[in-house]
Peer 1: 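One structure follows; several queries about it will come next.
Values below: all heavy atoms of this structure, side chains included; hydrogens, waters and symmetry mates excluded. Each chain gets a letter, A, B and so on, in the order the sequences are listed, and its residues count up from 1. As the structure is a computational prediction, the values presented were derived from the model and not from experiment.
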Amino acid sequence: MQDRTYTADAEPGDHVTVAGWVHEIRDLGGIAFLILRDTSGKIQIKFEKDEMDDELVETGLDASRESVVKVSGAVEEEPRAPTGVEVTPDAVEVIAPADPELPLDPSEKVDADLSTRLDNRTLDLRKDDVQTIFEIRSDVLRAVRDQFREFDCTEINTPKIVATGTEGGTELFPITYFGEEAFMNQSPQLFKQLIAGSNVERVFEIGPIFRAEEHNTPRHLNEATSIDFEGAFCDHTDAMDVAEGIVKASYEAVQENFGDELEVLDLAEDFEVPEGEFPRISYEEAIERINATGELDEQLVWGDDLPTPAEEALGRDVGGHYFITDWPSEIKPFYIKDHDDDPELSTGFDLMHPRMELVSGGQREHRHEKLIEGFEQQGLDPDQFEYYTKMFKYGMPPHAGFGLGGERLIMTILGLDNIREAVLFPRDRQRLSP
RNA sequence: GCCCGGGUGGUGUAGUGGCCCAUCAUACAACCCUGUCACGGUUGUGACGCGGGUUCAAAUCCCGCCUCGGGCGCCA
């Protein structure tokens, strides 16, 4: 439709053809208004019954809500119209009628449950705030890519069908690959390391990860988008700098490109760009601070993983993004390097938002013998990972990286209650369709 | 995987054994209304997740199943 004008571009004095959905019809008697909605916004179409062709009026006013219509007419300035302009139609065509019984209400007079919304995502996305979530998601991913390029990174794509997992076989979705057992990849971890070890050196990937865990929470998905970084000749502090830069660039993009929308929409009321450097708190200090809050029933001791209430208590105490560094080696995976001067301490770090963990990263073990030892210590068979370990025999530089949960980033930026709000078609324990 | 709490018109809800051929909002239909902007008014349409049980009587109590939400563990 080359002759179609977006509703937002209709200027007084123009004769336009607009096309979109019937948002609402308000019939006042002698005069009636049809509100037509497209991706750019809404515009009012005026029907004066006594002064206009009966058939045209009937076609326009008989259209059910959410039908797709095409309207041609003169655009006039009209202070009484919601957008200051309205169209007096000379032609109306219903292109695709909608069943009057809608599975949810896109005009948002009545809320729908999340599961009803996800079952009818097309209609759900016709709401301004829902559409804006995904416009923002798109822009955040653009900003993330731009920022990685600032950091001299090359974007890569690694396989999602793999022969072995990253950390064993328990959380993987098994599939059949030409009669052989294979899995959906839970993380690009091993592949991105193999590329960082080439002279590409610094890489990032934005792609899906698959986890077969049967959790059912507002912050977990079985298919998620991972934002991964890996850099040769980087240590864990460099990786933290990159993670911090990526998160801040995301907030800045939202502020710059969607600041006005956030003001208007019922979305992200508490939005603010994080200021200053993210504090880097050692695991040991984190435990002390959590215990000092007195919010936990039991005191934490060295070696404990941090349970959800502990993370929340520390989040309230810190009041913004922060890193937890220097985790005990035993609770971090085999590919994370220990500190040279203390093998009990790892270079692993997490980047936390007060609500939840966003990033997990660290410096990697690049020494072949140590890597093999690590496999054995975690009860994994190094032979199964030979495609990975053998490349550590041919000059693997020190390197570091992280994985950032893409949906968690969007969720925390916008203050969404449920991570499913940040995915068009989420995959969770119960949902495989649509 | 474990532990809680739910499923009532198209949508969102009220309703803890009879007072309910089930409330309200929205939607839809009809009528009235010439400037609405969540238009307003009147009338009407439309529902107790599935199966079994208890009872004179079940949306309501019990059992099983399906399904949704939340918490925990673990994670991004």
Peer 1: Students often get this wrong, so: under 4.0 angstrom with heavy atoms, is A/Ala224 touching a base, only sugar-phosphate, or nothing?
Peer 2: base

Peer 1: On a whole-Å scale, what distance lies between the P atoms belonging to B/rU26 and B/rC63?
Peer 2: 39 Å

Peer 1: What distance, rounded to whole Å, do you find between the two C1' atoms, one in B/rA58 and one in B/rU42?
Peer 2: 36 Å

Peer 1: Out of B/rA38, B/rU34, B/rA27, which has the shortest distance to the side chain of A/Arg65?
Peer 2: B/rA27

Peer 1: May I ask you to say what A/Pro82 touches in the nucleic acid, namely base, sugar-phosphate or nothing, with a heavy-atom cut-off under 4.0 Å?
Peer 2: base

Peer 1: Is A/Arg211 side chain donor-acceptor paired with the B/rA76 base, going by distance under 3.5 Å alone?
Peer 2: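 Per atom types, the contact qualifies.
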
Peer 1: A/Glu311 near the nucleic acid: base, sugar-phosphate alone, or nothing, with a heavy-atom cut-off under 4.0 Å?
Peer 2: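 The answer is base, as A/Glu311 lies within the cut-off (heavy atoms under 4.0 Å) of a base atom.
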
Peer 1: Is there a donor N/O on one and an acceptor N/O on the other, under 3.5 Å, for the side chain of A/Glu101 and the base of B/rG9?
Peer 2: no

Peer 1: Any side-chain N or O of A/Gln430 less than 4.0 Å from the OP1 or OP2 oxygen of B/rC68?
Peer 2: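 Answer is yes, contact under 4.0 Å.
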
Peer 1: According to the Watson-Crick and G-U wobble definitions, with both distances under 3.5 Å, which nucleotide is paired to B/rU55?
Peer 2: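 Matched B/rU55 with nothing under the 3.5 Å cut-off.
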
Peer 1: Work out how far the C1' atom of B/rA29 is from that of B/rG71, and round it to whole angstrom.
Peer 2: 46 Å

Peer 1: Is there a side-chain contact between A/Asn418 and the phosphate of B/rG70, meaning an N or O under 4.0 Å from OP1 or OP2?
Peer 2: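 For B/rG70, OP1 or OP2 has a side-chain N or O of A/Asn418 closer than 4.0 Å.
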
Peer 1: Hey, is the side chain of A/Lys109 poking within less than 4.0 Å of OP1 or OP2 on B/rU11, counting only N and O atoms?
Peer 2: no

Peer 1: Quick check with a 6.0 Å cut-off and a 45 degree axis cone: is A/Lys160 positioned over the face of A/Phe183's six-membered ring?
Peer 2: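 Cation-pi check for A/Lys160 and A/Phe183: fails.
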
Peer 1: Let's test this: given Watson-Crick or G-U wobble pairing with both distances under 3.5 Å, identify the partner of B/rC28.
Peer 2: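 B/rG44 - that is the nucleotide pairing with B/rC28, both distances being under 3.5 Å.
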
Peer 1: Determine the interatomic distance between P on B/rG41 and the same-named atom on B/rU60; round to the nearest Å.
Peer 2: 35 Å

Peer 1: Watson-Crick or G-U wobble partner for B/rC66, using a 3.5 Å limit on both distances?
Peer 2: B/rG7

Peer 1: Rounding to an integer number of angstrom, what distance separates B/rU43 and B/rC61 when you compare their C1' atoms?
Peer 2: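 Rounded to whole Å, the distance is 39 Å.
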
Peer 1: Within 45 degrees of the axis of the six-membered ring of A/Phe323 and under 6.0 Å from its centre: does A/Arg280 put its NZ or CZ there?
Peer 2: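 Geometry flag: set, cation within 6.0 Å and 45°.
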
Peer 1: Just checking A/Phe173 against A/Phe210, ring centres under 6.0 Å apart?
Peer 2: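 Aromatic pair excluded; centres sit 6.0 Å or further apart.
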
Peer 1: Can you tell me how far P in B/rC68 sits from the matching atom in B/rU8, rounded to whole Å?
Peer 2: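 Taking atom P in both B/rC68 and B/rU8, they lie 13 Å apart.
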
Peer 1: If B/rC72 has a Watson-Crick or G-U wobble mate with both distances under 3.5 Å, name it; if not, just say none.
Peer 2: B/rG1

Peer 1: Considering every strand and a 4.0 Å limit on heavy-atom distances, what is the contact class for A/Leu28: base, sugar-phosphate, or nothing?
Peer 2: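 Here A/Leu28 touches the bases of the nucleic acid.
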
Peer 1: For B/rC2 and B/rC65, measure between their P atoms and round to the nearest Å.
Peer 2: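 Those two atoms are separated by 12 Å.
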
Peer 1: For A/Glu284, look at atom CD and say whether over 12 heavy atoms of other residues, nucleotides or ligands are found less than 6.0 Å away.
Peer 2: no

Peer 1: Nearest to the A/Glu357 side chain among B/rC68, B/rC75, B/rU34, which nucleotide is it?
Peer 2: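 Out of B/rC68, B/rC75, B/rU34, the nucleotide with an atom closest to A/Glu357's side chain is B/rC75.
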
Peer 1: Could you tell me whether A/Lys248 and A/Glu244 make a salt bridge, using a distance below 4.0 angstrom between a side-chain N and a carboxylate O?
Peer 2: yes

Peer 1: Report yes if a donor N or O on one partner sits less than 3.5 Å from an acceptor N or O on the other, where the partners are the side chain of A/Arg431 and the base of B/rC68; otherwise report no.
Peer 2: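 No.
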
Peer 1: Identify which nucleotide among B/rG35, B/rU11, B/rA76 has an atom closest to any side-chain atom of A/Val110, counting heavy atoms from C-beta outward.
Peer 2: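 Among the listed nucleotides, the one closest to the side chain of A/Val110 is B/rU11.
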
Peer 1: Does the gap between the ring centers of A/Phe334 and A/Phe375 come in under 6.0 Å?
Peer 2: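 Ring centres of A/Phe375 and A/Phe334 closer than 6.0 Å.
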
Peer 1: Under 4.0 Å, counting only non-hydrogen atoms across every strand here, what does A/Leu221 touch: a base, just sugar-phosphate, or nothing?
Peer 2: base

Peer 1: Using atom P in both nucleotides, what's the gap between B/rU45 and B/rG49 to the nearest angstrom?
Peer 2: 22 Å

